[in-house]
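Step one of this worksheet: look at the structure below.
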Amino acid sequence: MISFLFKFSLAFIASFLILSFHIDKKPIFYHVSQFTGPLGTEVQDSIGRSVKRSLNKSKELSTNFFKNADPVYVKDSINSSRSATNNDNELILEEIKRDEAKKLDELIHKN
């Protein structure tokens with residue numbers, strides 16, 4: 001990581017020094033920017049529009065994500081005349097407990 005930063009720093013300093021050399025009383029950077037001037041501004045504008053578009057899209061997606069995060073509660077209504085009552089469930093549980101108790105007793109008597 002440190003070697004990468006060192007190499008990057010050396011490359012940046014070298015390119016800066018080379019582009020600052022003067023030819024015809026103007027730095028090389030000035031001559032290069034005259035050659036690529038319109039292209040550079042078009043690329044910069046295009047990148048700016050792309051970034052704005054992607055930010056707006058991500059903002060829209062995040063708002064939709066959080067809007068859809070709230071659960072929708074539906075009232076569950078059961079017609080009590082057709083539903084099972086708790087008494088039936090308790091009777092079934094008691095029968096299961098009795099069967100388990102019988103099986104446990106049988107295991108105890110066997111051993």
Side-chain angles (χ1 to χ4, degrees):
M1 181 71 180
I2 294 173
S3 65
F4 173 74
L5 290 174
F6 182 70
K7 290 177 185 178
F8 176 76
S9 299
L10 284 177
F12 179 77
I13 291 169
S15 63
F16 180 78
L17 290 175
I18 291 170
L19 289 174
S20 66
F21 290 154
H22 287 272
I23 298 177
D24 295 332
K25 296 184 181 181
K26 294 178 186 174
I28 295 175
F29 181 78
Y30 181 76
H31 295 288
V32 172
S33 66
Q34 279 183 334
F35 180 68
T36 61
L39 180 65
T41 56
E42 288 177 12
V43 168
Q44 187 177 3
D45 291 340
S46 174
I47 290 172
R49 285 192 304 269
S50 296
V51 167
K52 284 182 184 178
R53 187 173 38 241
S54 64
L55 285 175
N56 289 336
K57 195 84 147 171
S58 63
K59 182 179 177 183
E60 179 183 331
L61 286 173
S62 64
T63 55
N64 287 339
F65 178 74
F66 285 110
K67 280 182 184 176
N68 292 335
D70 294 331
V72 178
Y73 294 105
V74 178
K75 184 177 179 183
D76 190 17
S77 60
I78 297 174
N79 191 353
S80 63
S81 64
R82 295 183 183 174
S83 66
T85 60
N86 289 341
N87 293 338
D88 291 339
N89 290 337
E90 289 176 5
L91 290 176
I92 292 171
L93 289 175
E94 285 180 16
E95 288 178 16
I96 291 173
K97 289 179 184 176
R98 286 181 197 153
D99 290 340
E100 291 175 353
K102 287 180 185 177
K103 289 179 183 178
L104 286 174
D105 287 338
E106 289 175 7
L107 283 173
I108 292 171
H109 289 299
K110 285 182 184 178
N111 293 329

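Here the structure is a predicted model, which means the values were calculated and not measured.
Note that NZ of Lys110 and CG of Asp105 are 12.0 Å apart. Values are rounded to the nearest 0.5 Å. With values rounded to the nearest 0.5 angstrom, Lys52 atom NZ is found 11.5 Å from Ser54 atom OG. Atom-to-atom distance recorded for Glu106:CD and Leu104:CG is 9.5 Å, nearest 0.5 angstrom.
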Output side-chain donor-acceptor pairs under 3.5 Å for residues 6-17, partner residues at least two apart or in another chain, one line each.
unit_1 : atom_1 : unit_2 : atom_2 : d
Ser9   : OG     : Leu5   : O      : 2.8
Ser15  : OG     : Ala11  : O      : 3.1
Ser15  : OG     : Phe12  : O      : 2.9

Donor-acceptor pairs are to be reported for all side-chain atoms of residues 38-45 against protein atoms at under 3.5 Å, with residues two or more places apart or in another chain.
unit_1 : atom_1 : unit_2 : atom_2 : d
Thr41  : OG1    : Pro38  : O      : 2.9

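Under the side-chain contact (heavy atoms from CB on, under 4.5 Å) criterion, Ile28 pairs with Leu19, Phe21, Ile23, Val32, not counting sequence neighbours. The side chain to side chain donor-acceptor pair (under 3.5 Å) test applied to Gln34 returns Tyr30, not counting sequence neighbours. For the side-chain contact (heavy atoms from CB on, under 4.5 Å) test, residues two or more places apart in sequence or in another chain that qualify with Arg53 are Ser50.
Ser20 and Pro27 get closest at one heavy-atom pair: O-CB, 4.1 Å.
Through direct or indirect side-chain contacts shorter than 4.5 Å among Ile, Leu, Val, Met, Phe, Trp and Tyr, Leu107 is connected to no other residue.
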